[in-house]
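Data first, discussion second: the structure below is written as structure tokens.
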Amino acid sequence: MTSSPATRRILDCLRNGQPDETVTVKGWVRTKREQKKFTFAEINDGSSLKGIQVVIDASVPGYAEAVAAMNTGASVAIDGKLVESPAKGQRIEMQASAIEVFGSAAEDYPLQKKRHSFEFLRTIAHLRPRTNTLGAVMRVRNACAQAIHEFFREREFLWVHSPIITASDCEGAGEMFGVSTFDPTKIPTDKEGKPDYSKDFFGRPAYLTVSGQMEAEIMATAFSNVYTFGPTFRAENSNTSRHLAEFWMVEPEMSFCDLEGDMNLAEEFLKYIFSYVMKHCPEDMEFFNQRIDKEAIARAENIINNEFERLTYTKAVELLENCDRKFDYPVEWGIDLQSEHERYLAEEVFKKPVILTDYPTEIKAFYMRLSDDGKTVRAMDVLAPGIGEIIGGSQREERLDVLERRIVEAGLPKEDYWWYLDLRRYGTVPHAGFGLGFERLVQFMTGMGNIRDVIPFPRTPMNADF
RNA sequence: UCCUCAGUAGCUCAGUGGUAGAGCGGUCGACUGUUAAUCGAUUGGUCGCAGGUUCGAAUCCUGCCUGGGGAGCCA
């Protein structure tokens, strides 16, 4: 039975199964209801939120032993045929003819047939994928990832694999994790007593990447349109529901493109992913709408059907200065907008995603293209209701002299950027791109409150279990 | 890193100075179609850790640990 080629995914049975079809399903018991002469069991194999209801008549061979063994959490294979269900709750169910129990669950199986707190589930990250919520999250997460690849494949973007280990701290996007093979108890030192990295694995300090953007820029100057999609790392001591030490990032980079094109891509991109998930995971989205966030589906439809609001940073500041709302942090031109400001714009003024552009030069990175006014750069942030900044992007500075000047002004060592400057010396092009935090997208999609519950194995300060 | 709230049975929680509780779960039993089945019985505790106050501490005080929420930083 274990190698039966006729094994059907439960999702397929529920959606497409017809009465009298003979099938084998394999999965884990979610719940069992013993009656006098037969037993109901719900089997789930992860293919869908709902399991299939299996009716096991007492006449099935080995009934007593099998039913005793198939408690909540047990793994089973069941042969039988599909039948129309005489009761409410499901279109189709399964009449069992043979049962194999691979392993029953010990009495202390921690997942009960009731709600658990997400805090508790995080302590059993090896078992929580079997819950309704985490199951739905992981299916939606997977659909988002597939949507991303399909979106870029349709537009002939090249998926580039940016390195995870890097020797450059170019972007300065945050604290970096060091990568070393030194024995921490005896690190070789130089004459000044500092670590002698010439004796380390790479012969120099190395780190886990914080962003693949600069590598993407390299690749974009050969392939025109590219994107990265992979893990990135920040050693920041951030303890919030929106930060992880290890998270996935999507970073498209387009040659021969300006900020306008960048914004258009970002908007199309979000609309595409939301449409894709609504189409491919309707049951899971309905579940989130009912149990996690009653706005989930309305929000998805809002994203899909409405133009994003676009306005400049300068106009946003004027709007914030002239509104009735009192803010904890006062607003004036030149400040970096606080969470409360961004949320006010996205949630209360426009009630949909907002793209802010043309930020003051001082509060943005050196590589963003300087505008003619000299005071702003061609940057854009997409602010989402409930989440805040979900996408950050810019047109890049393609003029060699301006870029050199801005590196110096930022107090950065120009020699470290020799290859980045080379891209401007050899066939420079206007180009633009953005970065999207993948887990924040999944949070936004599902309405999940804590980012630790939208990644299978969250990495946060003081926590790397599992 | 800062502010704030919390930690009591496997889980979710009640208990604010005087014999440690409930629901769910687990176990056993009942029940002719259940849907987180239902009903009955039963099982289950280092009250986060360490110290202190008190005749007496889950409860009050101090320190520490762990977790949540918020802020900063950011994606």
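In the text below, chain A, chain B and the rest are named by the order of the sequence lines, each starting its count at 1. These numbers come from the heavy atoms of this one structure, side chains and all, not from hydrogens, waters or symmetry mates.
- Contact check on A/Lys364 versus A/Asp381 returns a salt bridge, with a Lys/Arg side-chain nitrogen under 4.0 Å from an Asp/Glu carboxylate oxygen.
- Using a distance-only test at 3.5 Å, with no hydrogens or angles considered, no donor-acceptor pair links the side chain of A/Asp57 to the main chain of A/Val60.
- A donor N or O paired with an acceptor N or O is not found under 3.5 Å between the base of B/C11 and the side-chain atoms of A/His116.
- Cation-pi geometry between A/Arg155 and A/Phe151 is met: the NZ or CZ atom falls under 6.0 Å from the ring centre, inside 45° of the normal.
- Nucleotides B/C24 and B/U43 place their C1' atoms 14 Å apart, quoted to the nearest Å.
- Taking atom P on both nucleotides, B/A22 is separated from B/A14 by 16 Å, rounded to a whole Å.
- When each of A/Ser117 and A/Ile391 is assigned the nucleotide of RNA chain B bearing its nearest heavy atom, the one mapping closer to the 5' terminus is A/Ser117.
- No engagement by A/Phe233 is indicated, since no non-hydrogen atom pair under 4.0 Å with the nucleic acid exists.
- With sequence neighbours excluded, the residues satisfying ring-ring contact (aromatic ring centres under 6.0 Å, His included) with A/Phe152 are A/Phe157, A/Tyr227, A/Phe269.
- Across all strands shown, nothing is found opposite B/A14 as a Watson-Crick or G-U wobble partner with both distances under 3.5 Å.
- Of the candidates B/U66, B/G68, B/U34, B/U34 carries the atom nearest the A/Gln90 side chain, counting heavy atoms from C-beta on.
- Side chain of A/Asn142 to backbone of A/Gln146: no donor-acceptor contact under 3.5 angstrom is found.
- Of the C1' atoms belonging to B/U53 and B/G63, the separation is 15 Å, rounded to the nearest Å.
- Of the possible polar contacts, none joining the A/Glu175 side chain to the A/Ala235 backbone as a donor-acceptor pair under 3.5 Å is found.
- Nucleotides B/G21 and B/U34, compared at atom P, are 38 Å apart to the nearest Å.
- In this structure, A/Ser241 reaches the B/G70 phosphate: one of its side-chain N or O atoms is under 4.0 Å from OP1 or OP2.
- Phosphate proximity of B/C74 to A/Thr240: absent, as no side-chain N or O sits under 4.0 Å from OP1 or OP2.
- Across all strands shown, B/G52 is found opposite B/C60 as a Watson-Crick or G-U wobble partner, with both distances under 3.5 Å.
- Summarising the geometry, the separation between CD1 on A/Ile363 and C1' on B/C74 is reported as 13 Å, rounded to the nearest angstrom.
- A heavy atom lying under 4.0 Å from RNA chain B marks the following residues of residues 30-52 of chain A, by number: A/Thr31, A/Arg33, A/Glu34, A/Gln35, A/Lys36, A/Phe38, A/Phe40.
- Summarising the base pairing, B/U38 is matched to B/A30 through a Watson-Crick or G-U wobble pair whose two defining distances lie under 3.5 Å.
- Pairing for B/U66 is with B/A6, a Watson-Crick or G-U wobble pair whose two hydrogen-bonding atom distances lie under 3.5 Å.
- The main-chain N or O of A/Tyr329 is found under 3.5 Å from a side-chain atom of A/His341 such that the two form a donor-acceptor pair.
- For A/Gln443 and B/C74, the CD to C1' distance is 13 Å, given to the nearest whole Å.
- Every residue was checked against the side chain to side chain donor-acceptor pair (under 3.5 Å) condition with A/Glu340, not counting sequence neighbours, and none meets it.
- No contact: A/Thr232 has no heavy atom under 4.0 Å from any strand.
- Nucleic acid contact for A/Gln53: base, since at least one base atom lies under 4.0 Å from a heavy atom of the residue.
- Side-chain N or O atoms of A/Asp336 include none that pairs as donor or acceptor with a backbone N or O of A/Ile363 at under 3.5 Å.
- Across B/G68, B/C73, B/G33, the shortest atom-to-atom separation from the side chain of A/Glu236 is found for B/C73.
- A distance of about 15 Å separates the P atoms of B/C3 and B/U62, rounded to the whole Å.
- At whole-Å resolution of the value, CG in A/Asn239 and P in B/G70 are 12 Å apart.
- Looking only at distances, no side-chain donor or acceptor of A/Lys26 sits under 3.5 Å from a matching main-chain atom of A/Ser75.
- Atom name P, nucleotides B/G45 and B/U8: the rounded distance is 15 Å, in whole Å.
- Between the CZ atom of A/Arg234 and the C1' atom of B/G72 there is a distance of 15 Å, rounded to whole Å.
- Across all strands shown, B/G44 forms no Watson-Crick or G-U wobble pair with both distances under 3.5 Å.
- Between B/C49 and B/C11, the two P atoms lie 14 Å apart (nearest whole Å).
- At a cut-off of 3.5 angstrom, counting only N and O atoms as typed in the model, there is no donor on one side facing an acceptor on the other between the side-chain of A/Glu119 and the base of B/G69.
- B/A9 and B/A41 are spaced 24 Å apart, taking the P atom of each and rounding to whole Å.
- Taking atom CG on A/Asn237 and atom C1' on B/C73, their separation rounds to 11 Å, with Å as the unit.
- When atom types are taken as modelled, the side chain of A/Thr209 and the backbone of A/Thr232 share no donor-acceptor pair closer than 3.5 angstrom.
- Put simply, CD on A/Glu93 is 10 Å from C1' on B/U34, counting in whole angstrom units.
- Pair assignment for B/A20 gives none, since no Watson-Crick or G-U wobble pairing has each distance under 3.5 Å.
- Remark: A/Arg242 is not in phosphate contact with B/C73, judged by side-chain N or O atoms under 4.0 Å from OP1 or OP2.
- Side chains of A/Glu439 and A/Gln443: no donor on one and acceptor on the other come within 3.5 Å.
- Note on A/Leu436: nothing from the nucleic acid sits closer than 4.0 angstrom, heavy atoms only.
- If you check B/G72 for Watson-Crick or wobble pairing at under 3.5 angstrom, you find it has no partner at all.
- Residue A/Ser238 has no polar side-chain atom (N or O) positioned under 4.0 Å from OP1 or OP2 of B/C73.
- Residue A/Asn463 places no side-chain N or O under 4.0 Å from the OP1 or OP2 atom of B/U66.
- Between the side chains of A/Tyr367 and A/Ser394, no donor-acceptor pair of N or O atoms lies under 3.5 Å.
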Are any protein N/O atoms closer than 3.5 Å to N/O atoms in nucleotides 5-10 of chain B? If there are, list each pair with its distance.
unit_1 : atom_1 : unit_2   : atom_2 : d
B/G10  : N2     : A/Gln112 : OE1    : 2.8
B/G10  : N2     : A/Gln112 : NE2    : 2.6
B/G10  : N3     : A/Gln112 : NE2    : 3.1

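- A donor-acceptor distance shorter than 3.5 angstrom exists from the side chain of A/Ser255 to the backbone of A/Ala220, with no hydrogens or angles considered.
- Scanning residues 56-67 of chain A for heavy-atom distances under 4.0 Å to RNA chain B yields an empty list.
- Applying the salt bridge (charged side-chain N to carboxylate O under 4.0 Å, His left out) test to every pair with at least one member in residues 124-138 of chain A, sequence neighbours left out, gives these pairs: A/Arg128-A/Asp453.
- In this structure, CD of A/Glu389 is placed 13 Å from P of B/G72, rounded to the nearest angstrom.
- Atom CD1 in A/Ile335 sits roughly 14 Å away from atom C1' in B/G72 (whole-Å rounding).
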